[in-house]
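The next block holds one structure in the form of structure tokens; read it before the comments.
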Amino acid sequence: MTSVPGYLSRIIKSHSAHACDGERLRLHCPRHSTISVLSAFYGHSELQLCPSHSHYAMTSGNRSCSKSTALQKIVSECQGFRDCKLPVNNRVFGCDPCPGTTKYVLVSYKCKPTEHKTKVGCEGEVIKLQCKHPRVINIYSAVYGRGLEDDNHCSLVGKPTVFDCLYYGAVHSILKTCYGKQKCFIVVNSQQFPDPCFPGTRKYLSIIYSCVPWTVLTEADPSVLNPTSDPEQNEVILKPKGSRRPNSGSIIVSNSLVTYAYIKEHPETAALLFVSSVCLGLLCTLCALAVRVSCSGDSGSRSPGESPRKEGAGEEDEEDSDHKSSTGSSLRKSQYPGEIPDVSEAADLAERIERREQILLEIWMNTCQNGISDFN
């Protein structure tokens, strides 16, 4: 029975297997896991994995040759199985890429656990991969293109495809950017990944991954990250190859992609936040208008009522001032007889006295005339 640490190591790290011409290639995974092919090579290179018995191969200057369909062949025969055995010869892989030369097949694969996560993004979208601390991302496979029977992923636009146009090499780009990270974003377009389909075919990117503990991943693969780096800070954005933007602009792109990815993943929460912010802004505006209207109403209601009181008060003040001035002057005259009053006050006092004497004189004359007329 396989131990738990050994099992975790088998399903986390990458494995490789090779076989020479005439031999059988075997790929094997532990229980509760299946084969996920990362890369495959069939041909001959400077890497001497098999003995060469050909005089042509030893004397030829150009010893490298390969079959481009090797990856598709290994995927079609072994992908998704727990154990796979495949004979190695040019009849299995097609036309002989270099006749007379000893060839071999070299396969890199992972053991994908039965419990894993899948993310699919349509062309033009952004895929977000994220794991909660202290777990990090472990990539098992990534395919870009469109399968013949994949009608559930991304509604087809234009003519339907007549064959599987899938690019399995997309896993290498995803591994470089997301493997061992806690969060990463991938832009799905044909600038980043080669277009394997006819023009007009809507493609998608399908990624299979899992979240594994950081300590377990470093034990299984010590070279996953620099020991001084922190997986929480490794947020990677996979930009198109043709991009020439400066590093300072990546912050804006990162924030935009993060916002877009969050809205894409949580549309209800984003809509609720937007509606709440709009309602809060309207409420603040209404409160400000209410305060302004109440202040203007108070000032308007106070101004017309105060004006007549001010006029009446002014008249009363004038009368009181006249009365007080006359009373005060008489008091000053009575209290301070030796004090010399001002010229204006003296003239006013003389005028009042003269007017009063005239009134008394008129009254006396009227009285005398009435008495004489009664006597006669």
Side-chain angles (χ1 to χ4, degrees), residues 7-19 24-30 32-43 45 47 49 66-86 88 92-93 103-121 127 129 131 136-145 147 164-181 184 186 188 192-194 196 203-212 216-225 236 238 241:
Y7 174 78
L8 291 177
S9 177
R10 288 292 306 275
I11 65 174
I12 288 176
K13 67 180 182 180
S14 300
H15 308 278
S16 62
H18 76 279
R24 294 179 68 86
L25 174 71
R26 185 189 180 190
L27 309 180
H28 179 74
C29 284
H32 307 294
S33 64
T34 57
I35 299 170
S36 180
V37 180
L38 300 178
S39 63
F41 172 85
Y42 176 71
S45 66
L47 185 62
L49 295 179
S66 63
K67 188 68 176 177
S68 59
T69 58
L71 179 59
Q72 284 79 1
K73 183 62 179 178
I74 299 297
V75 168
S76 62
E77 296 291 338
C78 300
Q79 186 88 343
F81 294 94
R82 183 187 167 196
D83 189 82
C84 176
K85 295 180 181 179
L86 187 68
V88 180
V92 174
F93 292 96
K103 294 167 286 296
Y104 59 87
V105 61
L106 177 63
V107 179
S108 175
Y109 68 99
K110 280 188 174 184
C111 294
K112 178 181 65 178
T114 53
E115 295 183 1
H116 58 268
K117 299 181 180 181
T118 303
K119 276 289 182 111
V120 178
I127 295 180
L129 304 183
C131 294
V136 292
I137 300 171
N138 187 26
I139 303 295
Y140 289 103
S141 68
V143 181
Y144 178 69
D164 290 336
C165 52
L166 301 172
Y167 174 64
Y168 292 93
V171 66
H172 300 292
S173 300
I174 306 302
L175 282 171
K176 290 179 181 178
T177 55
C178 297
Y179 178 58
K181 310 296 189 298
C184 69
I186 304 98
V188 183
Q192 179 61 42
F193 309 102
K203 299 163 285 293
Y204 60 85
L205 176 65
S206 177
I207 303 174
I208 297 178
Y209 71 103
S210 66
C211 296
V212 298
V216 177
L217 184 64
T218 53
E219 291 177 2
D221 187 5
S223 62
V224 59
L225 276 178
V236 180
L238 190 59
K241 291 182 178 179

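Numbers here simply count residues along the sequence, with the first being 1.
Checked by atom type, the side-chain pair Y104/S45 shows a donor-acceptor distance below 3.5 Å.
Going from atom NZ of K119 over to atom CD1 of I207 covers 9.0 Å, rounded to the nearest 0.5 Å. How far NZ of K67 is from NZ of K103: 11.0 Å, rounded to the nearest 0.5 Å. Between E77 atom CD and L25 atom CG the span is 11.0 Å, to the nearest 0.5 Å. Atoms OH and NE2, on Y109 and H15 in that order, are 5.5 Å from each other to the nearest 0.5 Å. The CG atom of L71 lies 9.5 Å from the CG atom of L38; values are rounded to the nearest 0.5 Å. In this structure, the separation between OH on Y167 and CD on Q72 is 10.0 Å, given to the nearest 0.5 Å.
The residue from L86, V88, L49, V92 that alone fulfils the side-chain contact (heavy atoms from CB on, under 4.5 Å) condition with V105 is V88.
Residues satisfying the salt bridge (Lys or Arg N to Asp or Glu O under 4.0 Å) criterion with R26, sequence neighbours excluded, are D83. With sequence neighbours excluded, the residues that form a side-chain contact (heavy atoms from CB on, under 4.5 Å) with V212 are I12, V136, N138, S210, L217. Under the rule for a salt bridge (Lys or Arg N to Asp or Glu O under 4.0 Å), K110 has no partner lying at least two apart in sequence or in another chain. Scored by the side-chain contact (heavy atoms from CB on, under 4.5 Å) test, C84 finds L27, I35, C78 as partners (sequence neighbours excluded). Scanning for salt bridge (Lys or Arg N to Asp or Glu O under 4.0 Å) contacts around E219 gives an empty result, with sequence neighbours left out. Residues satisfying the side-chain contact (heavy atoms from CB on, under 4.5 Å) test with S66, not counting sequence neighbours, are F41.
Pairing each heavy atom of S206 with each of T118, the nearest pair is OG-CG2, 4.0 Å. For P30 against C111, the heavy-atom pair with the smallest separation is CD-SG, 3.7 Å. Residue Y179 comes nearest to I139 through the heavy atom pair CD1-N, 4.2 Å, listed as atom of the first residue, atom of the second, then distance. Considering all non-hydrogen atoms of both residues, C178 and I137 come closest at O-CB, 3.5 Å. Pairing each heavy atom of I74 with each of A40, the nearest pair is CG1-CB, 3.8 Å. Nearest heavy-atom pair across I11 and S33 is CG2-CB, 4.1 Å.
Taking the six-membered ring where the residue is Trp, the centroids of F93 and Y42 are separated by under 6.0 Å.
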Between V37 and Y168, is the side-chain contact (heavy atoms from CB on, under 4.5 Å) condition met? List the steps.
CA-CA 9 Å; V37 180; Y168 292 93; over 6 Å; no

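Panel note: side chain H172, backbone G169; no donor-acceptor pair is recorded below 3.5 Å. For S36 (side chain) and Y140 (main-chain N/O), a donor-acceptor pair under 3.5 Å exists by modelled atom type.
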